[in-house]
Q: 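Take this structure first; my questions come after.
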Amino acid sequence: MSKIVSAADAAARIGDDAVVSVSSSSGLGCPDAVLAAIGARFEAEGHPRGLTTLHPIAAGDMYGVKGVDHIARDGLLTKIVAGSYPSGPSSLPMPEIWRMVVENRVAAYNVPSGILFDMNRDAGARRPGVLTRVGLDTFVDPIREGCAMNDRAAADPIVFRQEFGGQTWLHFPNIIPDVAIIRATTADEHGNLTYEHEGAYLGALEQAITARNHGGLVIAQVKRVTARGSLRPHDVHVPGHLVDLIVIAEDQMQTTETPYDPAISGQVMRPWDSFTFAEHGVEKVIARRAAMELKRGQTANLGFGISAMVPRILLEAGHPDAVTWAIEQGAVGGMPLTGFAFGCASNADAYVPSPQQFTYFQGGGFDLSFLSFLEVDVEGNVNVSKLGKKPYLTAGCGGFVDITANAPEIVFSGFFEAAADLELTADGLRVRAPGKFTKMVETVEHVTFSGRRAVETGQKVLYITERCVIRLTADGLLATEIMPGIEPQRDIVEASQGRVKLAENATLMPKSLLAEGVMELPL
């Protein structure tokens, strides 16, 4: 019998109270047609009901790929466990899944993406759940929120502290999927899947194995179908014996606002001069100082925000391939993309499945990580995962907790204050008027990164702002480098209400950071 079915027929196979694992990363690799069909079936029939969904990385975006919002309906969705959630600017309407979360209409959890991939893999192997030290002393830890995003989740914990081998660990018991919904580019008639137009493999293979090992259903959404036997075995990433149903969606988006770009999937290599440089401004100045932490031959991880500009700083300086970039969706090398295509890379050396990429990150095998911050407190804790007033401006933690757990060096980038009036010249940066509030707070709203634990484990941690470079020390936040034009006492100490102290031997940051021309980098 043919495995090819309509999206509606695939949705009809999902039973009430099912646990559904979804492979996606925002708009990248999202099986949107199948999720839409589940939502449409519920509207018509009132089924399936009571679903629990697992999303190692967010399903859908706010720019046309609805993803999880198709199923964000009372009665249909009762529990969601996700590494991240659709996010975007406050000028756009709040996604329905966020409305359900903040209104306590669904039990919602934010679990680090790498741990979710580990949970999936351990469930597939019938091991007794994940035992990890990733997330200790952060919001992941039961001594804080235990991953819960609202009261319904807090009443039904999914992580517990466990003493083992003389150390404290976090234990995530197995959550067994009944259904896996994955995506690829091409399927043959047997269900063998290839990924030639995809920007990442994500965790589709592991999710399919886990569902199959527990007698579950595997649904694959693809762009096209070819005859059995016509795919090169080395190109098949998910073998057909793991796939039950094939849904064809010819118009599936490659990633957010991108129908198809062959450079994202490695089918063409872009000339280096086809990439744009970072626009001159204060953010570029911050990214330039961050780039100064790099040495030729290093491997560095990269996060969203100002940090995503760092590869363009190297490009402008004539060193596009001096550093190997590794991003959580799986691309290694090349030029990580910015904007809507963040999470993808052009000219990549390789695409590693996300579960293996996170194993690399969790073990700290790379040299340093460039990440952003929303706020930093007196202990050096960083929040990137929660904004109570405007929750959907952040996607949640994603892979941030996995990456920072054992990174040898972490460079956080961001503005010292929100919306300060800044004047940037070639001679310095002047604060003409203070911002609405400082990002250097007494206590962060959410501990996504534990400064206390970083001090204990000896991690090197920098916070680079437009005013200064701050180092995390056992005594707190210490400004060791000052931007030319900044008045240290007024713009740093007083602006942070004394939370950032000045080092006695603080130096000036180089004026070359401020110039509009190319800045030389000592690589």
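Computed from a predicted structure; not experimentally measured.
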Q: Examine His47 together with Phe42 and report whether their ring centres are nearer than 6.0 Å.
A: no
Q: Do Asp402 and Gln362 pair up side chain to side chain, a donor and an acceptor below 3.5 Å, judged on atom types alone?
A: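 Short answer, yes.
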Q: Taking atom types as modelled, is there a side-chain donor on Asn383 or Glu375 under 3.5 Å from an acceptor on the other?
A: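 Yes, because at least one side-chain N or O of Asn383 sits under 3.5 Å from a partner of the opposite role on Glu375.
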Q: Tell me which pairs pass side chain to side chain donor-acceptor pair (under 3.5 Å) where either residue lies in residues 322-338, with sequence neighbours left out.
A: Ser25-Gln329
Q: Do you know the tightest heavy-atom contact between Leu294 and Leu368?
A: CD2-CD2, 3.7 Å
Q: Check Glu379 with Arg453, please: is the shortest side-chain N to carboxylate O separation under 4.0 Å?
A: no
Q: Report the C-alpha separation of Glu196 and Arg224 in whole Å, then their side-chain angles, then the decisive distance to 0.1 Å, and conclude whether the salt bridge (charged side-chain N to carboxylate O under 4.0 Å, His left out) test is met.
A: CA-CA 11 Å; Glu196 61 272 20; Arg224 58 198 182 186; 2.7 Å; yes
Q: Out of curiosity, His446 NE2 to Asn381 CG, how far, rounded to the nearest 0.5 Å?
A: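 Taking NE2 in His446 and CG in Asn381, the distance rounds to 12.0 Å.
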Q: Charged N to carboxylate O below 4.0 Å: is that the case for Arg144 and Asp141?
A: no
Q: Given His55 and Val20, is the side chain to side chain contact (heavy atoms under 4.5 Å, CB included) satisfied, shown in steps?
A: CA-CA 9 Å; His55 309 266; Val20 181; over 6 Å; no
Q: Salt bridge or not between Lys386 and Glu145? Use side-chain N to carboxylate O under 4.0 Å.
A: no
Q: If you measure from the Lys or Arg side-chain nitrogens to the Asp or Glu carboxylate oxygens, is any gap between Arg13 and Asp244 under 4.0 Å?
A: no
Q: One pair to check against side-chain hydrogen bond (donor to acceptor under 3.5 Å, both in side chains): Asp261 and Thr258. What are the steps and the verdict?
A: CA-CA 7 Å; Asp261 176 353; Thr258 308; over 6 Å; no
Q: Rounded to the nearest 0.5 Å, how far does OG of Ser369 lie from CZ of Phe449?
A: 10.0 Å
Q: With side chains defined as the heavy atoms from C-beta onward, is the minimum distance between Ile38 and His70 less than 4.5 Å?
A: no
Q: Can you measure from CG (Leu116) to CZ (Arg121) and round to the nearest 0.5 angstrom?
A: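 Answer for the CG-CZ pair, Leu116 versus Arg121, is 12.0 Å.
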Q: Identify the heavy atoms of Phe370 and Ala290 that sit nearest to each other, and give their distance.
A: CE2-O, 3.2 Å
Q: Taking Thr186 for its side chain and Val225 for its backbone only, find out whether a donor-acceptor pair lies under 3.5 Å.
A: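 Such a contact is absent between Thr186 side chain and Val225 backbone.
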Q: Check Arg49 with Asp17, please: is the shortest side-chain N to carboxylate O separation under 4.0 Å?
A: no
Q: Salt-bridged, Glu409 to Lys460, with N to O below 4.0 Å?
A: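 Salt bridge flag = yes for Lys460 with Glu409.
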Q: Give the intermediate values and the outcome of salt bridge (charged side-chain N to carboxylate O under 4.0 Å, His left out) for residues Arg228 and Asp188.
A: CA-CA 5 Å; Arg228 181 171 184 174; Asp188 72 8; 5.5 Å; no
Q: Checking side-chain hydrogen bond (donor to acceptor under 3.5 Å, both in side chains) for the pair Ser26/Asp61: CA distance, chi angles, key distance, verdict?
A: CA-CA 5 Å; Ser26 298; Asp61 54 41; over 6 Å; no
Q: Between Lys79 and Asp156, is a salt bridge (charged side-chain N to carboxylate O under 4.0 Å, His left out) present by the stated rule, with each step listed?
A: CA-CA 10 Å; Lys79 180 186 291 188; Asp156 185 16; 2.9 Å; yes
Q: Is the closest side-chain donor-acceptor distance between Gln252 and Gln221 under 3.5 Å?
A: yes
Q: Taking atom types as modelled and ignoring hydrogens, do the side chains of Thr185 and Glu198 form a donor-acceptor contact shorter than 3.5 angstrom?
A: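 Side-chain D/A pair, Thr185 to Glu198: present.
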Q: To the nearest 0.5 Å, what is the distance between OH (Tyr351) and SG (Cys344)?
A: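 Reported to 0.5 Å precision, the distance equals 8.0 Å.
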Q: May I ask you to say whether Lys66 pairs ionically with Asp32, meaning some side-chain N is under 4.0 Å from a carboxylate O?
A: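 A salt bridge is absent here (no side-chain N lies under 4.0 Å from a carboxylate O).
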Q: Could you give the distance from CG (Leu205) to CG (Leu193), rounded to the nearest 0.5 Å?
A: 9.5 Å
Q: Which heavy atom of Gly83 sits nearest a heavy atom of Asn110, and at what distance?
A: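 Taking every non-hydrogen atom into account, O-ND2, 2.8 Å.
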Q: Please tell me if the side chains of Val81 and Ile158 come closer than 4.5 Å, counting only heavy atoms from C-beta onward.
A: yes
Q: Using ring centroids (six-membered ring only for Trp), state whether Phe160 and His171 fall under 6.0 Å.
A: no
Q: Decide, yes or no, whether a salt bridge links Glu96 with Arg73 under the criterion of side-chain N to carboxylate O below 4.0 Å.
A: no
Q: Answer yes or no: does atom CD of Glu250 have more than 12 heavy-atom neighbours from other residues, nucleotides or ligands under 6.0 Å?
A: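 Not buried by this count: 12 neighbours or fewer within 6.0 Å.
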Q: As an exercise, state the distance from CG of Asn301 to CZ of Phe361, rounded to the nearest 0.5 Å.
A: 4.5 Å
Q: Grab the two heavy atoms, one from Phe373 and one from Gly414, that are nearest each other, plus how far apart they are.
A: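 So the two residues come closest at CE2-N, 3.3 Å.
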Q: Considering residues, nucleotides and ligands other than Arg296, do more than 12 of their heavy atoms fall under 6.0 Å from its CZ?
A: yes
Q: Could you tell me whether the side chain of Ile115 reaches within less than 4.5 Å of the side chain of Thr132, counting heavy atoms only?
A: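 Yes, side chains in contact.
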Q: At their closest point, which heavy atom of Gln357 faces which heavy atom of Ile327, and how far apart are they?
A: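 In this case the closest contact between Gln357 and Ile327 is NE2-O, 2.8 Å.
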Q: Are Phe412 and Tyr463 close enough that their ring centres sit under 6.0 Å apart?
A: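 Yes, they do, as the ring centres are separated by less than 6.0 Å.
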